Undergrad: 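I am attaching a structure below and will ask some questions about it afterwards.
A, B, ... follow the sequence lines: proteins, then strands. Residue 1 opens every chain. Since this is a predicted model, take the numbers as computed values, not measurements.
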Number of protein chains: 2
Amino acid sequence: MSEQKISSSRSIQLPLVTSMAEDILGCKWSLAVLQLVRQGICRPGAIERSLEGLTTKVLNERLRKLTNYKILQRQAYPEIPPRVEYRLTSFGEKFIGILDQMAALDREFKDKMLDD
Amino acid sequence: MSEQKISSSRSIQLPLVTSMAEDILGCKWSLAVLQLVRQGICRPGAIERSLEGLTTKVLNERLRKLTNYKILQRQAYPEIPPRVEYRLTSFGEKFIGILDQMAALDREFKDKMLDD
DNA sequence: CAGTATCCAGACCGATACTG
DNA sequence: CAGTATCGGTCTGGATACTG
């Protein structure tokens with residue numbers, strides 16, 4: 001009974017959050033954007049200026065995705081010129097908390113790589 | 001001083017492990033493969049048979065990547081027919097431990113999604 | 001300033017066939 | 001059984017131009 005065929009293309013049933021992580025982390029700029037927002041750089045313009053190579057289109061794709069996942073929360077101020085700010089939700093905080101743990105694994109990882 | 005330009009294309013200096021996570025999770029089958037290995041299904045043939053849709057080529061790409069990152073360890077037995085087994089390294093255990101924490105966030109995530 | 005629409009090059013992944 | 005090679009479709013993300 002050790003080898004029952006797993007569902008179709010979507011592998012083992014992965015927890016939602018895990019496939020979310022796949023989705024988020026698989027996208028090139030997501031982590032960088034999250035780091036910036038966490039640092040308080042939360043306006044699209046500022047984010048774009050902070051990340052060389054990131055374009056408006058891609059940034060908006062990421063922001064939308066992160067917002068859909070409720071990792072970020074969008075707040076628009078009805079002003080001229082328009083102002084928008086993105087914040088981490090409390091859920092988002094927990095999510096990147098996990099990412100931080102990955103960072104914590106970092107030193108160990110480097111050692112691992114050294115004694116090749 | 002709040003907006004110094006970040007390096008070129010590679011964003012904030014992300015911890016190695018984090019970009020590793022990006023790399024791993026961005027690949028479609030990596031998580032499924034890891035789950036299987038953890039369950040003791042550690043031979044390429046068995047893995048391939050367990051994951052419908054996964055092809056030899058892609059599986060080997062994943063296995064190599066996971067091995068390069070020292071998440072998996074390859075052991076070949078000099079027999080005929082050849083036998084190969086992949087194991088989680090201790091580092092790999094820690095790595096998927098973090099993935100498990102994501103799974104732990106799962107219930108909360110679902111709730112979050114419900115009260116949309 | 002925030003956000004959308006097009007277009008296009010390249011990466012990725014799946015199918016298939018093949019070697020040791 | 002383990003692993004490589006090749007080819008082609010698809011999807012992503014980068015460049016650019018544009019609207020409110």
Undergrad: In whole angstrom, give the distance that lies between atom CD of E61(A) and atom C1' of dA15(D).
TA: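 Taking CD of E61(A) and C1' of dA15(D), I get 13 Å after rounding.
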
Undergrad: R43(A) side chain N/O closer than 4.0 Å to the phosphate oxygens (OP1, OP2) of dA2(C)?
TA: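 So the side chain of R43(A) is within the cut-off, an N or O lying under 4.0 Å from OP1 or OP2 of dA2(C).
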
Undergrad: Would you mind reading off the distance between E22(B) atom CD and dT12(D) atom P, rounded to a whole angstrom?
TA: 15 Å

Undergrad: Can you tell me the base-pairing partner of dG20(C)? Count Watson-Crick or G-U wobble geometry only, both distances below 3.5 Å, and say none if there is no partner.
TA: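 For dG20(C), the partner nucleotide comes out as dC1(D), under the 3.5 Å rule.
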
Undergrad: Take R62(A) and P81(B), find for each the nucleotide of DNA chain D with the closest heavy atom, and name the residue whose nucleotide sits nearer the 5' end.
TA: P81(B)

Undergrad: Nearest whole Å is fine: how far is dT12(D) P from R64(A) CZ?
TA: 14 Å

Undergrad: Name the closest nucleotide to the P82(A) side chain, picking from dA15(D), dC13(C), dA2(C).
TA: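 Selected nucleotide (nearest to the side chain): dA2(C).
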
Undergrad: Please give the nucleotide sitting opposite dC8(C) as a Watson-Crick or G-U wobble pair, both distances under 3.5 Å, or none.
TA: dG13(D)

Undergrad: Would you call K65(A)-E61(A) a salt bridge at under 4.0 Å N-O?
TA: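 No, this pair does not count.
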
Undergrad: Closest to the N60(A) side chain: dG14(D), dT4(C), dT4(D)?
TA: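 Minimum distance to the N60(A) side chain belongs to dT4(C).
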
Undergrad: Tell me which nucleotide among dT4(C), dC1(C), dC13(C) gets nearest to the side chain of K57(B).
TA: dC13(C)

Undergrad: Check whether any side-chain heavy atom of M20(A) lies under 4.5 Å from a side-chain heavy atom of I71(A), and answer yes or no.
TA: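 Touching, per the 4.5 Å side-chain cut-off.
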
Undergrad: Any carboxylate oxygen within less than 4.0 angstrom of a Lys/Arg side-chain nitrogen, looking at R38(A) and D100(A)?
TA: yes

Undergrad: Taking CD1 from I80(B) and P from dG20(C), how many angstroms apart are they, rounded to a whole number?
TA: 13 Å

Undergrad: When you compare the side chain of T55(A) with that of V58(A), does any pair of heavy atoms fall below 4.5 Å?
TA: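 Heavy-atom side-chain distance check passes, below 4.5 Å.
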
Undergrad: How far apart are the closest heavy atoms of I96(B) and L88(B), and which atoms are they?
TA: CD1-CD1, 3.6 Å

Undergrad: If you only use heavy atoms from C-beta on, which nucleotide in dA15(D), dA2(D), dT4(D) is closest to the side chain of T56(B)?
TA: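 Looking only at side-chain atoms, T56(B) lies closest to dT4(D).
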
Undergrad: Rounded to the nearest Å, what distance is computed from the CD1 atom of residue I47(A) to the P atom of nucleotide dC1(C)?
TA: 14 Å

Undergrad: Send over the distance from R83(A) CZ to dA2(C) P, rounded to a whole Å.
TA: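 To the nearest whole Å, that distance equals 10 Å.
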
Undergrad: Return the value, rounded to whole Å, for the distance between atom CG of L51(B) and atom C1' of dG14(C).
TA: 14 Å

Undergrad: Without decimals, in angstroms, what is the distance between E48(B) CD and dG14(C) C1'?
TA: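 Result: 12 Å.
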
Undergrad: Does a side-chain N or O of K28(A) approach OP1 or OP2 of dG14(D) to a distance below 4.0 Å, or not?
TA: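 For K28(A), the contact criterion (side-chain N or O under 4.0 Å from OP1 or OP2 of dG14(D)) is met.
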
Undergrad: Considering every strand and a 4.0 Å limit on heavy-atom distances, what is the contact class for Y86(A): base, sugar-phosphate, or nothing?
TA: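 It contacts sugar-phosphate atoms only.
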
Undergrad: Mind checking if V84(A) touches a base, just sugar-phosphate, or nothing, with heavy atoms under 4.0 Å?
TA: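 Counting heavy atoms under 4.0 Å across all strands, the contact made by V84(A) is with sugar-phosphate only.
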
